[in-house]
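So the structure is just underneath, and the comments pick up after that.
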Amino acid sequence: MPNDDVLIVGAGLAGLSCALALRGKGVGVTLLEAGDAPGGRVRTDTLDGFLLDRGFQIFLTAYPAAQRLLDYDALNLRPFVPGAVIRFDGAFRRLADPWRRPLDGVLSAIEAMSKLGEYTDALRIARLRQRALDGPLEALFQRPEVSTAESLAELGLSPGIIARFLRPYFAGIYLDPELRTSSRMLDFVFRMMAAGEATLPAGGMGAIPAQLASRVGRDRIRLRTRVAGVGPEGVTLADGESLSAGAVVLAAHEPETRRLLAARAAALGKTQETLAPPRTWNAVTCLYFDAPAPLPPPLHEPILFLNGDRFGKPDAGPINNLVVPSAVAPSYAPPGRALISVSVLGDPPMHDAALQGIVRRELTQWFGPIVEMWRLLRIYRVRHALPLQPPGSLEPAERPNETEPGLYVCGDHLDNASIQGAMASGLRAAEAVLRRMGK
Ligand SMILES: Cc1cc2nc3c(=O)[nH]c(=O)nc-3n(C[C@H](O)[C@H](O)[C@H](O)COP(=O)(O)OP(=O)(O)OC[C@H]3O[C@@H](n4cnc5c(N)ncnc54)[C@H](O)[C@@H]3O)c2cc1C
């Protein structure tokens with residue numbers, strides 16, 4: 001390998017974005033990926049003609065880094081209907097678009113369900129929306145912050161609308177049931193929801209890294225290649241092989257990046273200071289079911305279902321949210337079938353069979369005996385899904401990418417934990433490398 005190549009450790013969205021930006025400036029790159037495909041936490045498996053994302057995820061078209069790097073047309077993005085269908089007190093109630101039309105959205109809901117919230121919630125959600133849309137995106141990450149739970153309470157939103165809609169909604173996005181996540185993330189997510197669409201690519205979420213990988217060049221990605229040691233002049237692989245490089249970018253997830261940087265710092269007799277203190281990780285468990293199509297209402301719609309009882313009733317079941325991906329993008333299921341995705345927050349301490357049993361019980365309460373016809377396809381327990389981002393953890397919002405001359409880091413743990421954060425940090429690492437190279 002010519003030693004002016006840049007070695008990138010990890011082919012998740014951060015590593016791929018970094019590689020694409022470097023390639024765009026004519027810099028040679030090689031990605032070293034421990035897994036059997038690029039994508040990191042954004043992977044899609046195929047099973048019996050179904051597309052199973054490794055944990056339910058959505059792609060927000062307003063992400064600026066994604067707009068810069070991805071070809072949206074080629075991804076064939078399929079939108080969700082904005083808003084949500086909320087299950088509580090034994091019925092489904094529909095909340096129209098609170099992101100783009102908060103007054104209509106909440107008023108329509110209040111008409112339909114006086115129990116959801118209070119009249120003034122519509123005005124308060126409109127105020128939150130205005131706050132989220134004010135000023136440049138970067139400034140939003142400089143604001144004074146409290147937890148999301150505190151921020152919603154400070155806005156004066158009623159306990160009803162918080163428990164039935166906002167808490168399951170944001171808990172499902174952050175994978176943080178207590179909403180300890182910073183209010184900066186609340187504003188960021190609200191802004192992204194208001195400024196674009198929530199979508200799924202027709203080829204599954206894995207089509208996003210696959211597109212980046214094919215543009216970087218598949219021959220530039222070495223799969224099943226675990227890196228065991230790093231320095232600015234090269235890396236050592238787990239099998240003992242050494243590779244030299246003009247620069248090294250560490251794009252692994254946070255615990256592995258920490259381990260590799262700590263080993264490097266120890267070798268130099270220093271302490272690792274680049275990364276924030278270790279994060280707690282939020283987990284999620286996703287159950288996929290195969291069902292006969294067409295599904296009856298309300299399941300036929302490409303919309304998010306939320307459990308409005310989850311945070312209000314002590315005897316509520318474990319489901320936080322549910323979607324029918326094949327209603328959003330029909331390619332998620334083979335002809336005549338539908339795919340149902342159920343998310344349970346955390347990693348429930350029980351065997352899969354027991355978990356399936358309690359989830360089925362709750363689904364039957366929601367949808368009746370048709371649930372008996374649903375076949376479990378797979379359960380994904382994603383233990384390291386998203387780092388918790390409490391107030392303080394996004395300070396600074398963009399951590400430096402250079403740890404020492406020639407050794408760089410990127411990943412969602414350096415920005416905010418999202419597709420946008422991962423891609424943006426990869427782009428910033430590429431800029432740092434290019435600066436050092438004088439390009
Ligand atoms: C279930 C779930 C739901 C999510 N939902 C959303 C959502 O709806 N919207 C959103 O914007 N974001 C969502 N996210 C977050 C988003 O997917 C992540 O923030 C982003 O993908 C992180 O990318 P990354 O490149 O920083 O890290 P990763 O994807 O973790 O990539 C790191 C890569 O490094 C490789 N690696 C690690 N160690 C080594 C080593 N020693 N040698 C070689 N390779 C190594 C790993 O195999 C991996 O491929 C979700 C995440 C999960 C898991």
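When a ligand or atom number is given, it counts from 1 through the structure's own listing order.
Scanning R383, Q57, R224 for the heavy atom closest to atom 2 (C) of ligand 1 points to Q57. Of the listed options S425, A252, G229, A385, A252 places a heavy atom closest to atom 37 (C) of ligand 1.
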Could you pull out every donor-acceptor pair under 3.5 Å between side chains of residues 425-437 and any protein atom, sequence neighbours left out?
from	atom 1	to	atom 2	distance (Å)
S425	OG	G411	N	2.7
S425	OG	G411	O	3.1
S425	OG	A422	O	3.2
R428	NH1	R399	O	3.2
R428	NH1	N401	OD1	2.7
R428	NH2	D415	OD1	2.2
R428	NH2	D415	OD2	3.3
R436	NE	E402	OE2	3.2
R436	NH2	E402	OE1	2.8
R436	NH2	E402	OE2	3.2

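At least one N or O atom of D412 sits closer than 3.5 Å to an N or O atom of ligand 1. Residue L175 places no N or O, backbone or side chain, under 3.5 Å from any N or O of ligand 1. Residue I58 has at least one nitrogen or oxygen atom sitting less than 3.5 Å from a nitrogen or oxygen atom of ligand 1, judged on distance alone. Residue R41 places at least one N or O, backbone or side chain, under 3.5 Å from an N or O of ligand 1. Considering backbone and side-chain atoms alike, G411 places every N or O at 3.5 Å or more from each N or O of ligand 1. At least one N or O atom of V227, backbone or side chain, sits closer than 3.5 Å to an N or O atom of ligand 1.
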Let me see the working for F92 and F367 under ring pair (Phe, Tyr, Trp, His ring centres under 6.0 Å), right down to the final yes or no. CA-CA 10 Å; F92 290 106; F367 303 111; 5.4 Å; yes

What verdict does the side chain to side chain contact (heavy atoms under 4.5 Å, CB included) test give for R279 and Q389, after you've listed the backbone C-alpha separation in whole Å, the side-chain angles of each residue and the deciding distance to 0.1 Å? CA-CA 8 Å; R279 303 281 183 85; Q389 302 169 93; 4.0 Å; yes

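Heavy atoms of other residues, nucleotides or ligands lying less than 6.0 angstrom from CZ of R68 number 12 at most.
Closest non-hydrogen pair, F88 versus G308, comes out as CB-C, 3.8 Å.
Within the structure, ligand 1 lacks G421 among the residues with a heavy atom less than 4.0 angstrom away. Between Y63 and ligand 1 there is a heavy-atom distance shorter than 4.0 Å.
Between the side chains of R131 and S151, at least one donor N or O lies within less than 3.5 Å of an accepting N or O.
Within ligand 1, the atoms closer than 4.0 Å to a non-hydrogen atom of G55 are 1 (C), numbered from 1 in the order shown. The contact set between ligand 1 and G12, taken as ligand atoms under 4.0 Å from a residue heavy atom, comprises 25 (O), 31 (O), 33 (C), 49 (O).
With respect to atom 25 (O) of ligand 1, the closest heavy atom belonging to the protein is A14 N, 2.9 Å.
Identified under the ring pair (Phe, Tyr, Trp, His ring centres under 6.0 Å) test for residues 395-417, with sequence neighbours left out: none.
Aromatic ring orientation, W374 versus F289: tilted (interplanar angle from 30° to 60°).
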